[in-house]
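Working notes for the structure below.
In what follows, chains carry the letters A, B, and so on, assigned in the order in which the sequence lines appear, proteins first and then strands, with residues in each chain numbered from 1.
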There are 2 protein chains.
Amino acid sequence: MRAEGAWASLAKWRNELYPIYAPTGDPTRVVAMVERASSYNFGIRTYGVHINGFVNGADGMRRMWVGKRAATKQTWPGYLDQIVAGGIGNGMGVEESVIKECYEEGGIPESIARGARAAGMIQYFTQSELGLQPETEYVYDLELPLDFVPKPTDGEVEEFYLWTMDQVVDNVRKNLFKPNCAVCVVDFLIRHGYLTPENEPDYIEIIQNVHSPLPFPGPK
Amino acid sequence: MRAEGAWASLAKWRNELYPIYAPTGDPTRVVAMVERASSYNFGIRTYGVHINGFVNGADGMRRMWVGKRAATKQTWPGYLDQIVAGGIGNGMGVEESVIKECYEEGGIPESIARGARAAGMIQYFTQSELGLQPETEYVYDLELPLDFVPKPTDGEVEEFYLWTMDQVVDNVRKNLFKPNCAVCVVDFLIRHGYLTPENEPDYIEIIQNVHSPLPFPGPK
């Protein structure tokens, strides 16, 4: 099917296996494995980690590191992204994925990456030309040292920018972020008091919608 | 009906009117007002603010202020609560309610209360002997000065405790918190990295469930 181009998704073959969890009873039981690229065709639930990397300046100003995805990325090339984000591969733990992706995508050493703090998750179910994608992204916040500069080590990021929160919001509004990365930014803005019940009329709806339950079993 | 004791809820008469919002079209339109105590009988959606008051000690230890509800409170007397929490009355803004409740319940002056930072909302639909309660609680975090000591000014709180996060969790586990206050503590533990995908098997389910959509219109 891949050779015949039967599904658009298969053109983005990853050589990476994703687990399908058992529907009931034992939530730790993996019933099958599928190539990551084909998960879209079966609507397989997938998981990832997104790390909000920021600095609190001596001037009292908070700035966020933003990555620009390489032009060669199979999905959303050239779009803006968190400093570090990635899918959780089979058998990988959540924090293990945070440490691994921090090093691979941003050149962040483990000594700094260990400071990443779990801060929740966002969840959504999207449909695209590739198929169906019910996904959970574990969200982490990582305050970086003022003198740290991330560097791409695996070629997945073209460039990093250190932006004020206003610049970040401006780029979210212009739809220059990969959509799920934009949702992570919005979640950050809510948790840190930039978006409030007073300045955002859809405050409740946004918070509900970015934590929607998915109708499939997951791991424990 | 109040005189006849027709509904258990009416014994807890508040002399306070709550708004019912229009179902469609104009979300700012209030279609009727009901006595707060009877909102349970009609399943009227209600709103409140909960403020997590904490200090970051010089010893690196975070401690949280916890209130013990007065024995004379009409609901959940003697249970543990946030340092400040209260319902949003008709016509009150969210931040206005934060400032008002901070002063009335904890003797927190406006100069300090203005430091409260919006951090999201929790939402739930409960049923009790009083009736049905679909409720949204706007959640705020307030870092307090180390030398500040809250004091009850309106008699709604019997006593305040300054506890380590371990002591707070211990009391949540013992069901000594009013249930929605316990949910606010859990939300705080998630947002600040005490509960993580690694140490809490129900991490995803908890985050989904405390942000459940309610099947009724609300204000904008």
Distance-only donor-acceptor pairs under 3.5 Å for side chains of residues 42-50 of chain A, two or more places apart:
{"residue": "A:R45", "atom": "NE", "partner": "A:Y47", "partner atom": "OH", "Å": "2.9"}
{"residue": "A:R45", "atom": "NH1", "partner": "A:F216", "partner atom": "O", "Å": "2.7"}
{"residue": "A:R45", "atom": "NH2", "partner": "A:Q123", "partner atom": "OE1", "Å": "3.3"}
{"residue": "A:T46", "atom": "OG1", "partner": "A:E135", "partner atom": "OE2", "Å": "3.0"}
{"residue": "A:H50", "atom": "ND1", "partner": "A:Q82", "partner atom": "OE1", "Å": "2.7"}
{"residue": "A:H50", "atom": "NE2", "partner": "A:E137", "partner atom": "OE2", "Å": "3.4"}

Surrounding CZ of A:F125 (heavy atoms of other residues, nucleotides or ligands, distance under 6.0 Å), is the total greater than 12? yes
Least distance between heavy atoms, B:Q208 atom then A:L214 atom: OE1-N, 4.0 Å
How many angstroms lie between CD1 in B:I207 and NE2 in A:H211, if you round to the nearest 0.5 Å? 6.5 Å
Set of residues satisfying salt bridge (charged side-chain N to carboxylate O under 4.0 Å, His left out) with respect to B:K151, sequence neighbours excluded: none
Give a yes or no on whether A:Y124 atom OH has more than 12 heavy-atom contacts from other residues, nucleotides or ligands under 6.0 Å away. yes
Sequence-distant partners of A:F160, ring-ring contact (aromatic ring centres under 6.0 Å, His included), two or more places apart: none
May I ask you to decide if B:V94's main-chain N or O and A:E198's side chain share a donor-acceptor pair within less than 3.5 Å? yes
Greatest number of heavy atom pairs closer than 4.5 Å to chain B - which of A:T136, A:I204, A:N209, A:V139: A:I204
Against chain B, residues from residues 176-196 of chain A with at least one heavy atom under 4.5 Å, in numeric order, are A:I190, A:R191, A:H192, A:G193, A:L195, A:T196
Looking at B:Y203 and A:G120, would you say the former's side chain and the latter's main chain have a donor-acceptor pair under 3.5 Å? yes
Can you tell me if A:Y161 has over 12 outside heavy atoms packed within less than 6.0 Å of its OH? yes
